[in-house]
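Please read these numbers as outputs of a predicted model, since none were measured by experiment. In what follows, every chain begins at residue 1, and chains take the letters A, B, ... in the order their sequences are listed.
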Protein chains: 2
Amino acid sequence: MADTSEAGEPSLEEQIAAYQREFQDLDPQVEKIVSALSRLNRRMNVAYGRQTADLGISNADWEVLKALVLSGAPYRMGPGELAKRLGLTPAAMTHRIDRMVTEGLVTRERDENNRVRVIVELTGEGREKWLAAMRLASVFEEDLLQDLSPDERTSLGEVLTRLLRRVEHAQPDAGGRLSDLD
Amino acid sequence: MADTSEAGEPSLEEQIAAYQREFQDLDPQVEKIVSALSRLNRRMNVAYGRQTADLGISNADWEVLKALVLSGAPYRMGPGELAKRLGLTPAAMTHRIDRMVTEGLVTRERDENNRVRVIVELTGEGREKWLAAMRLASVFEEDLLQDLSPDERTSLGEVLTRLLRRVEHAQPDAGGRLSDLD
DNA sequence: AAGCTAAACTTCGAAGCTAAAGATTATATT
DNA sequence: AATATAATCTTTAGCTTCGAAGTTTAGCTT
């Protein structure tokens, strides 16, 4: 076997060669960047998933915890707001919150000032879980970037935000769910 | 509103500030890179999804077409192999192939040499759809990287593959489905 | 203030996924 | 050759999601 990757996944180089074979108009340099981005992200998500699983929460749970923590004290949001933020339908959010309430990660109560609204609030346990996940994630992320010099980090961050700006401008998010919180 | 982004999504800078507020041990530079990677990937997937939808195929279909085309002529794979490649369970693959057969994108037949096996083969229409999607994707990708100089492209590709190697080595893919073909 | 209209959430039905059990064929053992 | 074991796919049951319809409350309009 000349391939270090498992599960029959071709190496990045093999895959780009296959693309060129099947589609001549392809710029291999562009494809290299795009494919690397995609694979990198996939691997990172696997890693995050493993870490949150170790803490006894699902990746779905973690997304909700993140959104609540990032909203700042007192860590409250409505289901609709959460759904928009996470790229889910309100229906899906209802069920997710159901589960998380039984898991003790959040509470759900009606807003007494406006009884149509619902308030989802982080519990102490929810905050602890988020913190623990965050510690694991930051160790992993630092490890991931270990080989990059300070200059390379600066440069990479700059280039990526430039790409991000471009793609955000190009796509006014047409009616779009966004999925997958960062 | 001081925020150009829609749907109440905070800007990258706002989000990093929020992370620092809630988690002091965070390296903002690391977080910037990681968050930009994540957001970029998300946006790209939305773009791909829109393009494939325009062609009348689902993103799920596209993944299968990609795997088959990349396998090279005669564009045949078994369901199990496809499932592994796409990060699905064999059960999910069975259903996906059901659908794609009715859509005329692939054919399914038993392997006469080994009647336990099944052969999924790309149809002419399937190949056409893949090509059309590929043309759209390559235009989008070139547009995405438009602002990057040749040197920046080279450098970005090199850095990303370095990160990829690191994450692939660190995670021997423990029993893992991989999901999301690139 | 009675009745529309809109907003926010939940419920319902259909689709896709996973894990586990089941069915079918091939391979190895005795 | 008969049986056991393994490999490959399909079926089943449960969960999550989406889209659409339904429910409750708020805010307008007259």
Hey, are A:Gln51 and A:Arg135 close enough side-chain-wise for a donor-acceptor pair under 3.5 Å? no
How close or far is atom C1' of C:dC9 from atom CG of A:Asp111, stated in whole angstroms? 13 Å
Out of D:dA26, D:dT10, D:dT17, minimum distance to the side chain of B:Thr94 belongs to D:dT10
Need to verify one output field. Residue with the more 5' nearest nucleotide on DNA chain D, A:Ala92 or B:Arg110? B:Arg110
May I have the distance from B:Ile119 (atom CD1) to D:dC9 (atom P), rounded to whole angstrom? 10 Å
In terms of side-chain heavy atoms of B:Arg108, which of D:dA20, D:dT17, D:dT10 is nearest? D:dT10
Could you please name the partner base of D:dT17, counting Watson-Crick and G-U wobble pairs only when both distances are under 3.5 Å? C:dA14
A:Thr89 side chain: which of C:dC17, C:dC9, D:dG19 is closest? D:dG19
Checking contacts here: which listed nucleotide (C:dG16, D:dA20, D:dT25) is nearest the side-chain heavy atoms of B:Arg99? C:dG16
Atom CZ of A:Arg117 and atom P of D:dT24: how far apart are they, to the nearest Å? 19 Å
Parallel, tilted or perpendicular: which one describes the rings of A:Trp130 and B:Tyr19, with boundaries at 30° and 60°? parallel
Taking the nucleotide of DNA chain D with the closest heavy atom to each, which residue, A:Met93 or A:Arg115, is nearer the 5' end? A:Met93
Candidate nucleotides D:dT11, D:dT17, C:dA26, ranked by approach to the side chain of B:Asn114 - the nearest: C:dA26
List the steps, then state whether salt bridge (charged side-chain N to carboxylate O under 4.0 Å, His left out) holds for A:Glu121 with A:Arg108. CA-CA 7 Å; A:Glu121 179 172 336; A:Arg108 166 161 46 190; over 6 Å; no
Using atom NE2 of B:His95 as one end and atom P of D:dC9 as the other, report the distance to the nearest whole Å. 15 Å
